[in-house]
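Worksheet for the structure shown next.
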Amino acid sequence: MIELDGVGYGYGGRTLFSDLSMALAPGSFHFLTGPSGAGKTTLLKLCYAELTATEGRVTLWGRDAAAMDRDAVALARRRIGVVHQDCQFLDHLPVSENILLPLTVAGRQDEGGQNLRELLAWVGLTAQAGRLPPELSGGERQRAALARAVITSPDVILADEPTGNIDWEMSQRLLTLLIELNRMGKAVLIATHDLNLIRAAKAHVAARVLRLRDGRLLQAGADL
Amino acid sequence: MRPLPVPVARVLGLLARAPAEGVRQGRRFVAFLAGDPQADRAVPPTGFTASLTLLTSGAMAFLAVFALALALATGRLAERWGEELAESATLRLPPAEGDAAATQVAAALRVLDQTPGVGEARALTADENRALLEPWLGPDLPLEALPVPQLVAVTLDGEDFDAEGLRARLAAEVPGAVLDDHTAWRAPLVVAAGRMRALGWLSLLLIAGSTGAMITLAAQAALAANAQVIRVLRLVGARDITIARAFVRRFTLRAGWGAAAGTLAGMLAILLLPSADESSGGFLTGLGFQGAGWLAPLVIPVLAAGTAFAATRAAALRTLRTQS
Ligand SMILES: Nc1ncnc2c1ncn2[C@@H]1O[C@H](COP(=O)(O)OP(=O)(O)OP(=O)(O)O)[C@@H](O)[C@H]1O
Ligand SMILES: [Mg+2]
């Protein structure tokens, strides 16, 4: 569904990474690790066409991302649920409406109801549904961001540090949700520093761990 | 009933034309205005630009009502003056007594009767003369005691009327007769009235243009203020047209309501103008709407909303194309 082929990204004369290839196929489960500043967030942005690769080719459902027009990018993004590292909410709308936003912009708001209630309960935000995002704690915001990323049941889920501010028990609940979606055939990619999370996932799914370091993408072994 | 002035008739005609297509577009437009409340809430209320748009479109509509009234009234005036000008003339015979007077009138009528382009010629009666002079000299005028000229009202009905030829014949056959075909003093008035009408329509165009420009600026300000909101909407897969629609709907409704209020205020102001008989009161008191003309200003809010729709849509789509 999403393929990177010899992709590189640079800005201002500096190359962040280059010649990087991977494929997010249906049912695949990936972790992306690497030191801070290695370019994990940047790599995810290439996957949802927020940035354009400076070399190589990013393909979204068979189409070259660099050649897609704005409407095509919008339609592709509806098939990708993203947990942004900085969450990206509309601060004037309550949490529940923020979570429903991907359905709203797609004109599918009537599909929300039941899913929303179950999701809110699962991520423990039922009581916070009517609050505004700035009133939430960091962990609550990340849980809301994950709920928003999966509300449309998208084909691909990209999560950037989804458990950074979240306690271990809640992290496992979120992981369980992603594993369930993965079993339904969704492709999941989680960028994280949390080795415990990776180990916990590996107990349930055949997750591949990619390591971004010094501008290269490596397949990490069992050693992590 | 007087026919509607052409531009207004054309606008109304456009609205009425091709009912099937028109109705379909109308329904789509109404659905668009009704909107999707949830999607609209995605863009936060823009308090400042909102009241600004409401206020300016109200003020512009208020001005537009007067420009429209001016255009219509001067149009009526130009038309009527033009018609009277083309259709009538007056012959003034020197004061005379008894038989001399009758002979003089008879001679004048005979000349007029033989003049091509003259439809009807009629000597004014003493009562009519008195009525004409009353505003200046008061009632109970002893007209018989005064050397008052005899007037002959002449109706013209042909293109081939030759004022100079008639004057020459009158000079020979009815000495002292003066032909006034109104051309000399009314022609500049007709030109002026026509010019005023053109200025009225030009003012309307300028008002529409400034409204469009003002709304474009307001829309751009709203888009710039909401850059982060737009970014988030994009990230969750909103298309440009969806984002634009939320802004366009707002500005269209605001401009429409503002203009409706302004139009009503303007119409009320015109309605409350002290009234006087248009024929005697002349130009200023005639500055109003007549009959079906009262429907014309109702087009203003529709035009304002249409202008806002087009301006905001263009501004939004352009801004969204260049943003990120
Ligand atoms: N357009 C840009 N202009 C300037 N610097 C940029 C740009 N894009 C990325 N960077 C830099 O590239 C580096 C990689 O950023 P990125 O956010 O991808 O790292 P990351 O691996 O996600 O780090 P973290 O684990 O801290 O989230 C950072 O040093 C960032 O400042
Ligand atoms: Mg990052």
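Sequence lines set the chain letters: A, B, ... in the order given, protein chains first and strands last, and positions in each chain run from 1. Since the model is a prediction, treat every value here as computed from it, not as a measurement. For the numbers below, each heavy atom of this structure counts, side chains included, while hydrogens, waters and symmetry mates do not.
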Can you establish whether the number of heavy atoms outside A:W61 located under 6.0 Å from its atom CH2 is more than 12? yes
Using modelled atom types and a 3.5 Å cut-off, is there a donor and acceptor pairing between side-chain atoms of A:R77 and backbone atoms of B:R234? yes
Which heavy atom of B:D240 sits nearest a heavy atom of A:D71, and at what distance? N-OD1, 4.2 Å
Can you confirm whether A:R208 is buried at CZ, in the sense that more than 12 heavy atoms of other residues, nucleotides or ligands lie under 6.0 Å from that atom? no
Out of curiosity, B:R239 CZ to A:D69 CG, how far, rounded to the nearest 0.5 Å? 9.5 Å
Please check if the number of heavy atoms outside A:R131 that lie under 6.0 Å from its CZ is greater than 12. yes
Interatomic distance, A:E50 atom CD to B:L235 atom CG [nearest 0.5 angstrom]: 5.0 Å
CD on B:Q228 to CG on A:D91, rounded to 0.5 Å: 8.0 Å
Which atom pair, heavy atoms only, marks the closest approach of A:A74 to B:A238? CB-O, 3.7 Å
In B:V236, B:V229, B:N226, the residue satisfying side-chain contact (heavy atoms from CB on, under 4.5 Å) with A:L90 is B:V229
B:V232 and A:R148 have their tightest heavy-atom pair at CG1-NH1, 3.9 Å
If you apply the rule side-chain contact (heavy atoms from CB on, under 4.5 Å), what do you find for B:R231 with A:Q88, and how did you get there? CA-CA 9 Å; B:R231 198 180 120 75; A:Q88 303 282 3; 2.6 Å; yes
CZ/A:R108: more than 12 non-hydrogen atoms of other groups inside 6.0 Å: yes
Could you pull out the closest heavy-atom pair between A:V105 and B:G237, with the gap in Å? CG2-C, 3.9 Å
In sequence, state the C-alpha distance, the side-chain angles, and the governing distance for A:L101 and B:L233, and then conclude on side-chain contact (heavy atoms from CB on, under 4.5 Å). CA-CA 8 Å; A:L101 205 55; B:L233 290 175; 4.0 Å; yes
